[in-house]
Number of protein chains: 2
Amino acid sequence: MGRKAANRRIGITDVAQHAGVSLATVSRVMNGNLSVDPDIAARVRAAATELNYHPDAVGRSLALGKTDTIGVVVPDLANPTFQAMLRGVSRAAAQDGYRVLIADSSEVSSEEAILAGEARRRCDGIVLCAPRMVDAELDALIPSLHPMVLINRNTEAPGTPSLLVDYGQGIQALAVHLTGLGHSRIAFLSGPPRSASNGLRLQGLEKFRANHPGIELTVLPGGSSFEAGHESVDGILASGATGVLAFNDLVAMGLLSGLHERGVRVPQDISVTGFDDIPFAEYTTPPLTTAAVPITEVGEQAWHRMRDLLGDGASENLRTTFQPDLQQRGSSGPAPA
Amino acid sequence: MGRKAANRRIGITDVAQHAGVSLATVSRVMNGNLSVDPDIAARVRAAATELNYHPDAVGRSLALGKTDTIGVVVPDLANPTFQAMLRGVSRAAAQDGYRVLIADSSEVSSEEAILAGEARRRCDGIVLCAPRMVDAELDALIPSLHPMVLINRNTEAPGTPSLLVDYGQGIQALAVHLTGLGHSRIAFLSGPPRSASNGLRLQGLEKFRANHPGIELTVLPGGSSFEAGHESVDGILASGATGVLAFNDLVAMGLLSGLHERGVRVPQDISVTGFDDIPFAEYTTPPLTTAAVPITEVGEQAWHRMRDLLGDGASENLRTTFQPDLQQRGSSGPAPA
DNA sequence: AAGGAGTGAGAAAACGTTTTCTGAAAACGT
DNA sequence: ACGTTTTCAGAAAACGTTTTCTCACTCCTT
């Protein structure tokens with residue numbers, strides 16, 4: 001029993017042979033090229049379905065020079081924000097027949113560049129979300145990764161669109177919201193030191209400080225996780241603040257949980273705000289006042305920019321800024337008397 | 001200014017030319033083949049770095065017949081459970097140098113088969129998570145998708161490992177937990193009708209019924225989302241049940257929220273349990289009693305099975321069952337007197 | 001010193017497509 | 001009816017690698 005081509009994956013050659021035509025013709029038929037005789041086309045199609053032929057994507061990619069796939073680099077697949085962004089990109093890309101390759105750097109910032117490079121080699125483009133990467137490294141990376149779309153990072157390099165969330169405005173809105181409720185001692189539970197968006201929040205808070213000289217604003221070290229918020233309870237209480245701006249919703253939720261354990265009432269004793277408006281922010285107890293970031297839409301737009309890049313080779317919208325939207329809920333209330 | 005090969009992507013040919021050797025030699029050097037003269041190897045490496053050469057993944061894939069990529073089909077990228085599973089697969093695969101391609105069917109069950117097929121053509125294998133797909137379609141799909149690993153689906157087909165969560169056992173444990181607290185009227189807020197895991201839960205509850213004749217157990221229509229839980233409040237209250245087994249944590253959270261709005265106290269008036277133990281289950285108010293499913297680990301194991309398949313071509317562990325672990329928290333308490 | 005084994009590099013085939021180029025036949029105009 | 005254009009299918013090149021095969025050379029053995 002010679003195993004000659006016994007169960008080899010069937011290719012375009014088999015179809016051609018079976019239909020009695022050449023490879024070229026099969027290819028033309030499969031790609032809907034009109035310039036082929038209807039009879040022959042039908043014969044080819046019949047052969048294709050009979051043999052259950054499906055063109056090999058790799059061979060196709062090689063010939064076409066495109067993979068119909070883009071890579072998305074995220075710092076942490078466990079973070080709801082990046083999950084939502086990824087979902088936005090994935091679904092929008094799927095609409096246009098593109099697929100998404102995940103590159104999860106697992107918070108290991110040093111791996112991001114390599115990861116992105118590897119992904120780029122398999123894909124037609126990269127959506128890069130690397131909040132902790134230092135500017136110099138980012139700028140050095142850009143040429144080798146093009147076409148690329150940046151999330152929450154800015155660059156002077158031409159041809160690289162970036163989608164930005166105005167964290168500065170958002171945090172100011174939250175701070176103003178708290179002062180409007182009578183809070184005069186406010187604490188900012190900050191995020192990871194090298195995070196770009198944390199920097200934007202700090203800048204926003206500087207502006208807030210300038211505009212509200214009477215308000216005492218202290219900045220406390222924190223983090224970006226639930227645990228970071230949970231562990232910050234002591235620091236918050238020690239600060240004497242009656243209003244707390246948490247770096248994001250996860251931190252705020254951790255803080256809520258910690259305060260609850262201590263018997264501190266929210267918002268009667270302390271008001272807490274988050275940031276992002278992740279799906280669960282609405283359902284904490286009390287529901288979390290936060291600045292809603294349309295992150296899924298950011299993901300969708302990231303794809304649209306990428307699509308522009310892949311088409312014309314240029315996108316007219318190089319910088320898009322999204323404004324967070326204040327969501328006033330139960331976790332913030334009047335300052336205690 | 002002739003644009004002759006001006007800024008073409010530099011390939012192995014360029015390196016070979018630059019180093020004064022043949023393509024074959026460059027390939028050998030790049031792949032760490034020892035049988036090449038150290039001097040020449042050094043020269044090649046120098047040329048490669050000088051030209052900033054990186055081998056093209058597509059060409060490589062074509063020659064090697066592998067893509068170092070697997071596809072993961074998920075029904076809904078917005079669901080924390082599938083997110084966690086995806087994360088497990090992605091990270092475990094990354095450890096072995098493999099990448100993950102997302103295929104999000106967005107709950108459109110009819111698309112799953114096509115989606116999986118398309119993904120399969122670009123990848124070395126498929127991890128399929130399709131709880132709603134009918135058995136017949138699944139069985140028909142298996143041969144064309146192999147190598148494949150199934151999540152929460154069973155099959156008689158040989159060579160296709162499946163990872164199962166014992167939802168029947170988990171729901172029984174929760175039901176027993178409630179009866180232990182004195183609840184004699186229990187409601188099961190069921191999931192999507194055609195969901196496989198919902199079927200397993202129902203089977204488990206039949207066993208429970210057999211073992212606990214005195215307990216009144218009613219099954220109510222529901223769903224799998226937060227909203228489904230939220231909208232079921234009336235039905236739950238009308239049923240007169242004092243203990244509610246929600247299909248999953250999302251539903252339970254929606255229910256908690258709805259009950260809270262109605263002023264119904266949990267667990268004093270009604271006990272509520274979830275399923276899955278998603279990251280936020282611990283932080284609801286009250287914290288959710290649930291059956292913890294090690295879903296990230298399921299994802300990891302899915303990769304390990306896939307790795308087996310990709311290696312030997314066979315995996316010895318064809319069926320692995322994971323037992324949910326009862327997490328007793330604040331949302332369940334003694335039945336009202 | 002001659003022959004055989006071993007070493008290492010290049011030529012070329014292979015992977016599975018698409019597409020350009022070529023050429024034959026058909027359609028058309030006069 | 002002849003020449004010109006058009007239509008359409010096949011041969012072959014191209015995409016960028018890996019790998020087999022071949023062959024020249026060196027080194028060792030006798």
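Sequence lines set the chain letters: A, B, ... in the order given, protein chains first and strands last, and positions in each chain run from 1.
Separating the CD atom of B/Q17 from the P atom of C/dA9 is a distance of 19 Å, rounded to the nearest angstrom. Rounded to an integer number of Å, the gap from B/K66 NZ to D/dT17 C1' is 14 Å. What separates CG of A/D68 from C1' of C/dT17 is a distance of 14 Å, to the nearest Å. Atom CG of A/L62 is separated from atom C1' of D/dT17 by 8 Å (rounded to the nearest Å).
Distances were taken from every side-chain heavy atom of A/V21 (C-beta onward) to each of D/dT17, C/dG10, D/dG10; the shortest belongs to D/dG10.
Annotation: proximity of residues 35-46 of chain B to DNA chain D (heavy atom, distance under 4.0 Å) is found for no residue.
Every residue two or more places apart in sequence or in another chain that forms a side-chain contact (heavy atoms from CB on, under 4.5 Å) with A/T321 is listed here: A/L164, A/D166, A/Q323. Evaluation of the side-chain contact (heavy atoms from CB on, under 4.5 Å) rule for A/A63 yields no partner, not counting sequence neighbours. Remark: A/N52 engages A/H54 in a side-chain contact (heavy atoms from CB on, under 4.5 Å) (not counting sequence neighbours). In terms of the ring-ring contact (aromatic ring centres under 6.0 Å, His included) criterion, residue partners of B/Y98 (sequence neighbours excluded) are, by chain and number, B/W303. A/A94 is linked by a side-chain contact (heavy atoms from CB on, under 4.5 Å) to nothing, counting only residues two or more places apart in sequence or in another chain.
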In residues 147-159 of chain B, what donor-acceptor pairs under 3.5 Å come from side-chain atoms, sequence neighbours left out?
from, atom 1, to, atom 2, distance (Å)
B/N152, OD1, B/V165, N, 3.0
B/N152, ND2, B/Y167, OH, 3.0
B/R153, NH1, B/A130, O, 2.8
B/R153, NH1, B/P131, O, 3.4
B/R153, NH1, B/M133, O, 2.6
B/R153, NH2, B/M133, O, 2.8
B/R153, NH2, B/D135, OD1, 2.8
B/N154, OD1, B/R319, NE, 2.9
B/N154, OD1, B/R319, NH2, 3.2
B/T155, OG1, B/D139, OD1, 3.2
B/T155, OG1, B/A157, N, 3.1

For residues 14-26 of chain B, dump all side-chain donor-acceptor pairs below 3.5 Å to protein atoms at least two apart in sequence or in another chain.
from, atom 1, to, atom 2, distance (Å)
B/D14, OD2, B/G11, N, 2.5
B/S22, OG, B/A24, N, 3.4
B/S22, OG, B/T25, N, 3.4
B/S22, OG, B/T25, OG1, 3.3

Distance-only criterion, 3.5 Å: show the donor-acceptor pairs between side-chain atoms of residues 122-129 of chain B and protein atoms not counting sequence neighbours.
from, atom 1, to, atom 2, distance (Å)
B/R122, NH2, A/T67, O, 2.6
B/D124, OD1, B/T67, N, 2.7
B/D124, OD1, B/T67, OG1, 2.9
B/D124, OD2, B/T67, N, 3.1
B/D124, OD2, B/D68, N, 2.8

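Residue pairs meeting the side chain to side chain donor-acceptor pair (under 3.5 Å) criterion with at least one member in residues 36-45 of chain A: none, sequence neighbours excluded.
Ion pairing of B/E112 with B/R132 is absent here, as no side-chain N (NZ or NE/NH1/NH2) approaches a carboxylate O to less than 4.0 Å.
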Between N or O atoms, less than 3.5 Å apart, protein on one side and nucleotides 18-22 of chain C on the other: list the pairs.
from, atom 1, to, atom 2, distance (Å)
C/dT18, OP1, A/N31, OD1, 3.3
C/dT18, OP1, A/N31, ND2, 3.0
C/dT18, OP1, A/R60, NE, 2.9
C/dT18, OP2, A/S27, OG, 2.5
C/dT18, O5', A/S27, OG, 3.4

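Residue B/G65 is out of contact with every strand shown, counting any heavy-atom pair closer than 4.0 Å.
Atom CG of A/L115 is separated from atom CD1 of A/I102 by 11.0 Å, given to the nearest 0.5 angstrom.
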Item checked: Nucleotide-level pairing of DNA chain C, given in dot-bracket where Watson-Crick and G-U pairs need both distances under 3.5 Å and | marks other strands -> ||||||||||||||||||||||||||||||
